[in-house]
Amino acid sequence: MAELENYIGDFTKIVPKTEEEYLTSRKNHLALERLFQICIEIVIDICAILINKFKLGVPANEENILDFHMGKIDNIEYLKDMKKFRNFIVHKYGEFNNQLVFRYATEKKEDFNNFIGNIRKTI
């Protein structure tokens with residue numbers, strides 16, 4: 001979790017103040033996309049570790065990792081949304097929308113902190 005908290009701190013440091021500043025900098029695009037991808041992957045890894053720790057079974061695939069935590073972690077749906085967003089970033093499904101990345105960076109960043117709080121309550 002410390003690693004996730006460190007990346008969230010990095011996130012806070014590099015998010016530009018305005019969408020225009022973000023949209024005009026390829027460096028900002030690449031940095032935020034990568035940080036989001038890393039943070040989401042850490043969340044999935046933590047969920048997988050908890051499945052193993054609590055002997056909840058064996059997930060059939062990565063999507064099922066999050067399903068195992070239904071009812072155990074508040075608002076699991078936001079994690080599923082973040083995972084979908086990660087897939088969008090990694091695979092560049094359809095036309096890539098940098099405005100969406102900025103919106104996630106400014107509006108959804110708190111979801112990572114909520115996740116950390118939920119995990120601390122669980123363990």
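A single hydrophobic cluster is not seen to contain both Phe85 and Val90; linkage of ILVMFWY side chains at heavy-atom distances under 4.5 Å, directly or through other members, places them apart. One hydrophobic cluster, built from ILVMFWY side chains closer than 4.5 Å, cannot hold both Met82 and Ile49; they sit in different ones. Linking Ile, Leu, Val, Met, Phe, Trp and Tyr whenever their side-chain heavy atoms come within less than 4.5 Å puts Phe11 and Leu100 in one cluster.
Side chain to side chain, Gln37 and Glu33 fail the donor-acceptor criterion of an N or O pair below 3.5 Å.
Counting non-hydrogen atoms of neighbouring residues, nucleotides and ligands closer than 6.0 angstrom, the OH atom of Tyr78 exceeds 12 such neighbours.
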| query | Phe115 and Leu4: side chain to side chain contact (heavy atoms under 4.5 Å, CB included), yes or no, with the steps? | reply | CA-CA 10 Å; Phe115 170 77; Leu4 179 58; 4.0 Å; yes
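For Arg120 and Glu5, the salt-bridge test passes: some basic side-chain N is under 4.0 Å from an acidic carboxylate O.
You'll find the ring centres of Phe112 and Phe36 inside the 6.0 Å limit.
Across Leu35 and Tyr7, no two heavy atoms sit closer than the pair CD2-CD2, 3.4 Å. Taking every heavy atom of both residues into account, Ile14 and Asn28 meet most closely at O-OD1, 4.3 Å. Closest of all the heavy-atom pairs between Val15 and Thr106 is CG1-CG2, 3.8 Å. Glu21 and Pro16 make their closest contact through CD-CB, 3.6 Å (heavy atoms, listed as atom of the first residue, atom of the second, distance). The heavy-atom pair separating Leu32 from Tyr22 by the smallest distance is CD1-CE1, 3.3 Å. Taking all atoms of both residues into account, the shortest heavy-atom contact from Ile51 to Gly57 is CG2-O, 3.2 Å.
Only one option out of Val43, Leu50, Ile44 pairs with Ile46 in a side-chain contact (heavy atoms from CB on, under 4.5 Å); it is Leu50.
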